[in-house]
Amino acid sequence: MSSPTYASSSAKGASVYRNTALQATPAAAKTSRGRVYGWFINNTNGADTFVHFYNATTGNVTVGATTPVFTVVVKASSINQSFTGIPVEFQTATTVAATTTLGGSTDPASGLLVQVFYC
């Protein structure tokens with residue numbers, strides 16, 4: 001029986017952006033080019049909430065007007081998590097925001113716990 005093989009101590013994994021109260025104000029998950037490999041979002045609100053991912057810096061995002069790369073719907077009082085082997089590429093930066101409607105700019109009743117896994 002052979003010994004298990006482990007990654008070297010110099011191997012690097014994903015970084016984590018964590019926001020414990022994400023609202024409709026744009027927040028920088030990563031301020032430069034990168035890849036998103038997954039997310040964990042906890043919605044404690046009594047209504048569905050939408051988390052938008054933008055390929056832009058926070059100063060270049062107007063929530064409700066700027067088109068997101070993708071949007072994650074988080075059902076009321078639930079968790080949405082996803083981890084993918086094929087990352088989503090962001091050429092400029094990764095900015096996130098949470099709203100009460102798909103195309104709106106209204107804050108959820110309370111902020112969402114959002115964790116984004118990126119490199």
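Keep in mind that the numbers below use all heavy atoms, side chains included, and drop hydrogens, waters and symmetry copies.
Y118 pairs with exactly one of Y17, Y37, F90 by the side-chain contact (heavy atoms from CB on, under 4.5 Å) rule, that one being Y17.
Contacts of R35 classified as side-chain hydrogen bond (donor to acceptor under 3.5 Å, both in side chains), with partners at least two apart in sequence or in another chain: E89.
A donor-acceptor pair under 3.5 Å is absent between the side-chain atoms of T95 and the main chain of Y54, judged by distance alone. Judged by distance alone, with hydrogens and angles left aside, the side-chain atoms of T101 form a donor-acceptor pair with the main-chain N or O of G104 at under 3.5 Å. Here the side chain of N55 pairs no donor or acceptor atom with the backbone of V69 at under 3.5 angstrom.
Grouping the Ile, Leu, Val, Met, Phe, Trp and Tyr side chains by contacts below 4.5 angstrom, directly or via other members, places L22 apart from V61. Residues I41 and F70 share a hydrophobic cluster, clusters being chains of Ile/Leu/Val/Met/Phe/Trp/Tyr side chains in contact below 4.5 Å.
In this structure, the side chains of F40 and L113 come closer than 4.5 Å at one or more pairs of heavy atoms. Using a 4.5 Å heavy-atom threshold, the side chains of V73 and N80 count as separate.
Between G13 and C119 the shortest heavy-atom distance is O-SG, 4.1 Å. The two residues N60 and T66 have their closest heavy-atom pair at O-OG1, 3.8 Å. Residues V51 and L112 come closest through the heavy atom pair CG2-CD2, 3.8 Å. The two atoms that bring T99 and T49 nearest to each other are O-CG2, 3.2 Å, heavy atoms only. Taking every heavy atom of both residues into account, D107 and A24 meet most closely at OD1-N, 2.6 Å. The nearest pair of heavy atoms linking V63 to P26 is CG2-CG, 3.8 Å.
Residue R33 holds its CZ atom at 4.0 Å from CD of Q91, rounded to the nearest 0.5 Å. Note that CD of Q23 and OG1 of T106 are 10.5 Å apart. Values are rounded to the nearest 0.5 Å. With values rounded to the nearest 0.5 angstrom, N42 atom CG is found 10.5 Å from Q81 atom CD. Between L102 atom CG and D48 atom CG the span is 11.0 Å, to the nearest 0.5 Å.
Between F83 and F117, the ring centre distance stays below 6.0 Å. Between F53 and W39, the distance separating the two ring centers is shorter than 6.0 angstrom.
Judged by distance alone, the side chains of S77 and K75 never bring a donor and an acceptor atom under 3.5 Å apart. Between the side chains of S110 and N45, at least one donor-acceptor pair of N or O atoms lies under 3.5 Å.
Ring geometry for H52 against F50 counts as parallel: the plane angle stays under 30°, on a 0 to 90° scale with 60° as the upper cut.
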Side chain to side chain contact (heavy atoms under 4.5 Å, CB included) between I79 and N43, worked out: CA-CA 6 Å; I79 292 170; N43 179 10; over 6 Å; no

